[in-house]
There are 2 protein chains.
Amino acid sequence: MMVPFAQTLAARFDSLPAQLQKAARWIEAHPHDVALLSMREQAGRAGVQPATMTRLAQALGYDGYDTVRALHADALRHTRQPGLVATAARRNKLHAGTHEAAAQAMVQHCATQVGALADPPTLAALVRAAALIGQAKRVFSLGMRSSHAVAWHVWYALSLISDRAILLDGVGGVGFDAFAQARDTDVLFVCGVAPYTRAVVEAVMQARALGLRVVALTDSPLSPLISQGDPALIVPTDSASFLHSMAPAFALAECLVALVARGDDPALLARLDGLDRQLAAFNTYHPSKG
Amino acid sequence: MMVPFAQTLAARFDSLPAQLQKAARWIEAHPHDVALLSMREQAGRAGVQPATMTRLAQALGYDGYDTVRALHADALRHTRQPGLVATAARRNKLHAGTHEAAAQAMVQHCATQVGALADPPTLAALVRAAALIGQAKRVFSLGMRSSHAVAWHVWYALSLISDRAILLDGVGGVGFDAFAQARDTDVLFVCGVAPYTRAVVEAVMQARALGLRVVALTDSPLSPLISQGDPALIVPTDSASFLHSMAPAFALAECLVALVARGDDPALLARLDGLDRQLAAFNTYHPSKG
DNA sequence: GGCGCTTTGCAACAAATGTTTTATTAAATG
DNA sequence: CATTTAATAAAACATTTGTTGCAAAGCGCC
């Protein structure tokens with residue numbers, strides 16, 4: 001943990017009076033506690049009067065001890081993801097503040113988030129979800145607003161490997177009416193992040209009522225889209241910019257479909273052969289670059 | 001960060017009243033701040049009365065909110081950089097050949113690919129593309145098949161921050177006819193990977209003929225979608241499964257939009273405020289989980 | 001529609017916080 | 001040794017903290 005406070009302290013430590021040094025020494029040894037404990041508690045543990053802490057902060061040029069603990073709080077916040085700011089800054093030969101630097105920060109932030117999806121709970125949920133979708137008679141895919149792209153892509157990818165996929169969407173899909181023919185052998189894949197669209201939440205409730213299993217791809221374990229007992233895929237949505245990021249959700253959805261496709265479906269190979277041949281002969285698709 | 005509080009919360013979340021859920025959701029989304037911020041500050045950020053936080057703590061069986069923040073403080077103290085060693089150790093726990101292992105391989109492969117996008121040429125292209133889109137009068141977004149989700153998402157995200165975006169798509173969009181009104185102050189964002197759809201390639205040629213600048217997001221420097229002199233974003237599409245992966249393309253597209261939004265548009269802040277408020281008050285969107 | 005219950009917002013409360021002031025002690029200088 | 005200065009301890013201070021009591025507002029149920 002690198003707190004700018006530490007440097008300031010080291011510079012003036014020698015010229016501080018005895019009690020202030022005592023306090024400083026404790027802070028230096030317990031940087032984590034600075035933000036988590038009250039000043040009086042820290043003073044007690046350091047064997048020093050409460051006033052001493054304030055005086056130390058002021059002696060180092062800060063307004064008061066609250067400034068010091070705010071500094072340590074920030075440090076605590078930022079140390080949890082070393083790959084984020086740290087690496088970006090480390091390998092950053094680009095000047096800070098340039099657009100390239102911002103772009104780099106965004107991309108790396110995104111990569112970190114996707115990498116973080118490889119934790120056991122998420123992987124387990126992924127496998128469960130894939131199994132569920134794999135044995136479903138039909139798979140409905142639902143997602144609106146930011147989540148529409150994810151839902152659409154899942155539907156499209158599933159369409160490639162089977163004919164069991166149905167997109168639930170007002171515009172491009174068949175709309176919610178398709179639920180009329182839904183049965184308990186079907187599965188609903190739903191993607192949604194805060195603020196959750198009311199229609200989507202209600203669709204999930206309806207699906208549950210009809211006996212469908214629900215695979216939820218959402219942004220929180222507390223999401224209203226999650227159904228008890230069914231797999232839930234949790235992804236981060238915070239991004240370096242203000243728009244929340246759907247890239248982790250998209251990536252995870254793609255992995256989900258890939259896992260589904262991994263099932264040893266004999267008919268699948270035929271489809272893939274067709275796809276391969278199509279890809280090999282893509283020349284017919286774009287005869288010239290123009 | 002694994003806080004025992006999170007489990008307790010998840011267990012009883014459904015049976016909590018609306019305001020308590022709102023508070024709980026904020027806590028779940030900002031576990032680091034629980035120990036670092038005062039309860040009143042947290043209540044303010046969560047859009048909730050201070051009393052609600054105390055009530056939540058008590059509803060979950062704790063004495064008061066201080067107990068909750070003590071729990072989070074401990075968690076904060078004990079989570080030292082889980083990124084490196086933890087993941088490596090975790091990696092070995094999964095048996096090779098299991099579905100979990102396959103899922104992990106996919107996710108990590110994807111993360112690696114996204115991380116690889118942070119190389120100088122791509123970043124430079126990203127910045128150029130963002131600048132181009134930023135100063136465009138209108139932005140057409142085009143992508144079919146696998147690339148549709150990307151094109152749609154770009155269109156949607158641009159719609160959030162401006163009203164200059166037009167989706168070129170047969171189903172949900174206005175179709176290619178919109179090119180009739182296209183002018184050379186407009187920009188075409190096109191996404192496409194092999195096998196390139198003929199209609200898309202032709203649309204790009206048409207756009208060039210009309211004098212539009214073209215931002216291409218594609219899978220090869222030799223792609224027919226790339227226009228000489230205009231920025232080209234190259235992404236990998238190979239995946240651990242047979243389906244080629246669009247996740248890197250999606251991630252890069254999202255970064256592109258974020259960069260565009262980075263421009264200091266005064267009207268943007270108003271939009272964002274609205275978005276934030278909407279998000280803070282999202283309780284109105286899903287009154288109960290049912 | 002009326003009645004019971006729960007939930008919510010508001011305001012007051014005591015406790016604890018960080019700071020400042022005052023008094024006391026130690027150290028230093030002539 | 002006397003006197004001035006700095007350093008420490010103690011207490012008083014205004015804020016802010018987390019909590020609780022109470023009234024208003026929802027809400028479901030007969």
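In what follows, chains are A, B, ... by sequence order, proteins preceding strands, each numbered from 1. None of these values were measured; they are calculated from a predicted model.
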(request) Drop me the distance from Asp33(B)'s CG to Arg45(B)'s CZ, to the nearest 0.5 angstrom. (result) 6.0 Å
(message) Nearest to the Ala51(B) side chain among dC10(C), dA10(D), dG18(D), which nucleotide is it?
(response) dC10(C)
(message) Tell me the interatomic distance from Leu56(A), atom CG, to dT20(C), atom P, rounded to whole angstroms.
(response) 14 Å
(request) Say whether, by atom type as modelled, one donor and one acceptor occur between the side chain of Gln21(A) and the main chain of Phe13(A) under 3.5 angstrom. (result) yes
(message) Please report the distance, rounded to the nearest Å, between OH in Tyr62(B) and P in dT19(D).
(response) 14 Å
(request) Give a yes or no on whether a donor-acceptor pair under 3.5 Å exists between the nucleobase atoms of dG9(C), that is its base, and the side chain of Arg55(B). (result) yes
(request) Nearest whole angstrom, please: distance from the P of dT25(C) to the CD of Gln19(A). (result) 16 Å
(request) Apply side-chain hydrogen bond (donor to acceptor under 3.5 Å, both in side chains) to the pair Glu28(B) and Ser220(A), showing each step before the final yes or no. (result) CA-CA 8 Å; Glu28(B) 206 283 324; Ser220(A) 155; 3.3 Å; yes
(request) Take the protein atom CD of Gln42(B) and the nucleotide atom C1' of dT17(D), then report the distance between them rounded to whole Å. (result) 12 Å
(message) Classify Thr54(B) by what it touches in the nucleic acid, base, sugar-phosphate, or nothing, heavy-atom distance under 4.0 Å.
(response) base
(request) Please state how far atom CG in Asp66(B) lies from atom C1' in dA14(C), giving the value in whole angstrom units. (result) 14 Å
(request) Please determine if Asp186(A) and Arg164(A) form a salt bridge, counting it only when a charged side-chain N lies under 4.0 Å from a carboxylate O. (result) no
(request) Indicate, with a heavy-atom threshold strictly under 4.0 Å, whether Ala18(A) touches base, sugar-phosphate, or nothing. (result) sugar-phosphate
(message) Output the rounded distance in Å from CZ (Arg69(A)) to P (dT17(C)).
(response) 10 Å
(message) Rounded to the nearest 0.5 Å, what separates atom CG in Leu158(A) from atom NE2 in His153(A)?
(response) 10.0 Å
(request) Could you check which of dG18(D), dT17(C), dT8(D) has an atom nearest any side-chain atom of Ser38(A)? (result) dT17(C)
(request) With the side chain of Pro17(B) defined as its heavy atoms from C-beta on, choose the nearest nucleotide among dA12(C), dT7(C), dT19(C). (result) dT7(C)
(message) Please determine whether a side-chain nitrogen or oxygen atom of Gln58(A) lies at a distance below 4.0 Å from atom OP1 or OP2 of dT20(C).
(response) yes
(request) Could you work out which one of dT19(D), dT19(C), dT20(D) sits closest to the side chain of Tyr65(A)? (result) dT19(C)
(request) Could you state the atom-to-atom distance from CG of Asp63(A) to C1' of dT19(C) in whole Å? (result) 12 Å
(request) Between dG18(C), dT19(D), dT8(C), spot the one nearest the side chain of Leu20(B), thanks. (result) dT8(C)
(message) Rounding to an integer number of Å, can you tell me how far Arg40(A) CZ sits from dG18(C) P?
(response) 7 Å
